[in-house]
Structure formats: C-alpha cells, structure tokens
2 protein chains.
Amino acid sequence: MADDPGTRSGTGQTRRRGAALEEAILRAAVDELTESGYAALTMEKVAARAGTNKNAVYRRWPNRLALGIAAYRQLSTTVPLPDTGELRGDVLAFLRLANRHWSSPLGAILRELLSAAGGAPELLARMQGQSGDAAAAPWLTILGRAVARGEAAPEALHPRVATVAIVLLRNEYVVRGVPTAPDEVLVEIVDEVFLPLVRRRGPSSG
Amino acid sequence: MADDPGTRSGTGQTRRRGAALEEAILRAAVDELTESGYAALTMEKVAARAGTNKNAVYRRWPNRLALGIAAYRQLSTTVPLPDTGELRGDVLAFLRLANRHWSSPLGAILRELLSAAGGAPELLARMQGQSGDAAAAPWLTILGRAVARGEAAPEALHPRVATVAIVLLRNEYVVRGVPTAPDEVLVEIVDEVFLPLVRRRGPSSG
DNA sequence: CAACTAAGGTACGTTACGTACCTTAAATCG
DNA sequence: CGATTTAAGGTACGTAACGTACCTTAGTTG
C-alpha cells in the first residue's frame, strides 16, 4: 500500500469513492483474515489497513460477521471434479482434495465463520456452497458415472449415500480435534464403508 | 438463595470456604449456562449469582471456557442403551434419543463449548465423551447384538461402520443449520444407508 | 453554483475479560 | 492463646473492540 495510486495520501487529497473504496476494504479484510483468522479480525484493523475508518466499513457491511463472510468469499475457489475413469479413484481423489482444503488455513476460517453464523440457516447455506465438497451434486456426478460404468448399483444414487464418504471424513475431524486425517483413513473410509455400500445393495426394509 | 444457610449474609459474617464455595459457584454457573447459554455466560454474573466475586472464581478456573466446561459437565447425563430385540429398532431408538438430545438446550451449549474450545484436542476429547451418542462403543454394542442375532454381517463390526447413522444425522444438522431433523430423515438414514451397509457386505478392494 | 452524498476523522458509551490490591474472616501453627 | 497464614469478600481499573454518533470536507449531481 506504499505507492498505491488509489491511496488517500496526506497531501494528495484524493478520496476513493464507491467501488474503489469497497475493493480496498475487501482486500484489507482478506489480508487480515488470512493472516490472523476470523477471531482476530477487527473492524478497526481492517479499516486502518484499508486506509479508511470504520464508518466506511459499517456503511457497507452491517457487522463483523458480514465482513468476514464477504472476505471469505473472495478467497474460495472451486475445486475441479476428478475423473480417473473408475469409482475408487474418483472418490479417493476428491476426498484428498477435500482433506487438503479443510486442513488449510481456509478451512479454519470457514469453521470459524460457520460457528459465528450459528443460527442463520440461509447464511449457512451460502457458506456451505463455498466449500465445494459439501454439496451432494459433485458426489452424485461421481457416483452417476460409476453407475453408468456398472461399478455401482443404481439404487445407490441417492444424495445421502453419495455423500457418506465426505461426511465420514468430516466426522474424523471432529473426533480428532484437528481438521486433517491421515491418508490411510481416507482409504479405509472408501474401502470399508463407501465401496461396500454402493456396490451391492441389500434389501431395504419395506 | 433467599435463605440458603451457606450464604454470606450482610450481618451473618459467615464466609463459605473451599468446597462449599466451589459448589455454589458451580451451581450458579450451571444456572446461568442453562438459562442463557455459553455466549451470555459471564464471570461477573456467575460470581454475583453465587454471592461471591470474580477473584474466587478465577482462583479455581483459569478462564471462562474452563468454567463453562465444568458447568456443562455437571449437566450431562448418560443415556440408556435401547434394546428392542432387533437391529432396526435399536438403531432408530438410539438415533431418536440422540436427536432429542442435540435439539435440546444442552446440545446448543455443547456446540458453543466445542466451538470455543476450537484448538484444544484433549479438551475436545473430554467434551465429546459427555455426549454419549458420539462414541463408537454403544453403537458397537448395538451392532454386536445384531451380529449375534444374525441380522448383520460380522465384517460390519467396525467402529466407523457402526457410527455411520449418527454421523449422518449430525451432518443433517450441519446441512439444515438447525440441530434437529424430522423423524422421516432418521428412518431414511437407517433404511437407505445403515441397514444396507451392515446386512450384506460386498467385497472390499484388496 | 448550491445541494447532496459519502469519505475521512474523532469521540465515546458499553460490555466484559482478566488483573491488581486492600481488608477481613477463618484456619492453622507454635 | 496469640501470631501467622490463607482464602474470601470488596473495589478499582487497564485493555480491547463493537458499534454509534457527530463533525468536517472532498467529490458528484442537478
């Protein structure tokens, strides 16, 4: 920010307005969020870093959580869906991507935001959408391919079934208290639970 | 607390010491926690309610989180393991117990504490232990009975398999943003995922 | 140009965590 | 029993940060 042309310099008297200022604030929030996480994100620090003051921030975002969420959304990326040509490979690859994501600083930030957003379902839904592995759609795609290849039973094409692997992985995080799991665990989830579940289907109760 | 004999009354000059005071503080913390949750639990209010001051509280618990956890532990109860004589009934009954627990004020408190405890694995482990449905042991017991009765395949006797139902239920909470799920969901989890998983076991990859 | 708007600057009320320090009742020790 | 020690009771306060209020001023619009 030393020589940023948009900066309000002591002598320059040039005020950023509208989108330019909003962008500067967002960038500052992103930087603070990635450096220190959500808990340490303060309106004061973001404003200072953006070279403005809290008024400008509050004029755009009603509160700290909203700003945190906006900053997070700047950071999130979409993950490419793996296509290895076989079910086990696809699922393992996608699980590994997810594992990497959740063990990254980004994962911790997301968890903090989810916790702070505690009671707001729509907000939660929007946050979930940012973590690509949470939705059923990509998993259904992977499973759909497997069904087409004859690797899985057609009855297994159900969102809750399709997402079992990722759900189990996230449960591992809870149990372990850390947002990462060793690769053997991923392999075990796939081989001991997921594959048996989708390949042969016993009769369900009537 | 109107006529509690242990109370330091204005004229009585009788100070509670040691365990008696600790108990009074804990009781106050429990009351505050159940009435207002962890976020609204303050050291000031607990101390006032216990008829003491923050020094006494801080002499026993290093910080607010520790006090919150101690109070929570006073509250937690053990749930009886259902035994309906058949697998589906057992699993459904235990899931229903869990659903009721997590949708109770106690569940919200636990979630708050887990979130506040964010980076401390041992602490987390201890908290988890308080929520009886999280551990694998009861689920393995239920599944073990089913295996003995011939209702489930012996290879399914694995902690990760046994806990699939409860893990899926908790994922429902995350997806919904509320700590409760309709009974049809519980039934679906059991019938669509859990029972097919444990009854017939396809070959796992070598 | 005047009016309006948003940016920049400053101040402040409120809340609560946690710490420090003092007085005093109660327990312990010689 | 008196002296010493310890913990309880009481009070004060530094700090941090959220969010609000208000004022000045640069920039835009009609």
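Each chain gets a letter, A, B and so on, in the order the sequences are listed, and its residues count up from 1.
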Does [X] have any salt bridge (Lys or Arg N to Asp or Glu O under 4.0 Å) partners at least two apart in sequence or in another chain, and if so, which?
X: A/K54; answer: A/E44
X: B/E22; answer: B/R60
X: B/R64; answer: none
X: A/R100; answer: none

Kindly express the pairing pattern of DNA chain D in dot-bracket notation, using | wherever a base pairs with another strand and counting only Watson-Crick or G-U pairs under 3.5 Å. ||||||||||||||||||||||||||||||
Answer yes or no: side-chain N or O of B/R15 and base N or O of C/dT24 forming a donor-acceptor pair under 3.5 Å. yes
Could you work out, with side chain to side chain donor-acceptor pair (under 3.5 Å) as the rule, every residue matching B/N63, not counting sequence neighbours?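 By the side chain to side chain donor-acceptor pair (under 3.5 Å) rule, B/N63 matches no residue at all.
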Distance below 4.0 Å between B/T52 side-chain N/O and D/dA8 OP1 or OP2: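 Indeed not, no polar side-chain atom of B/T52 lies that close.
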Respond yes when some side-chain nitrogen or oxygen of B/R60 is under 4.0 Å from OP1 or OP2 of D/dA8, and no when none is.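 For D/dA8, OP1 or OP2 has a side-chain N or O of B/R60 closer than 4.0 Å.
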What pairs with B/L92 under side chain to side chain contact (heavy atoms under 4.5 Å, CB included), at least two apart in sequence or on another chain?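 Expected list: B/R88, B/R96, B/L186, B/V187, B/V190.
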Taken in chain and number order and not counting sequence neighbours, the residues that satisfy side chain to side chain contact (heavy atoms under 4.5 Å, CB included) with B/A146 are B/L87, B/R149, B/E151, B/A152
I need a per-nucleotide contact map over nucleotides 15-22 of chain D, read 5' to 3'. Cutoff is protein heavy atoms under 4.0 Å; write B for the base, S for backbone only, - otherwise. --SBBBBB
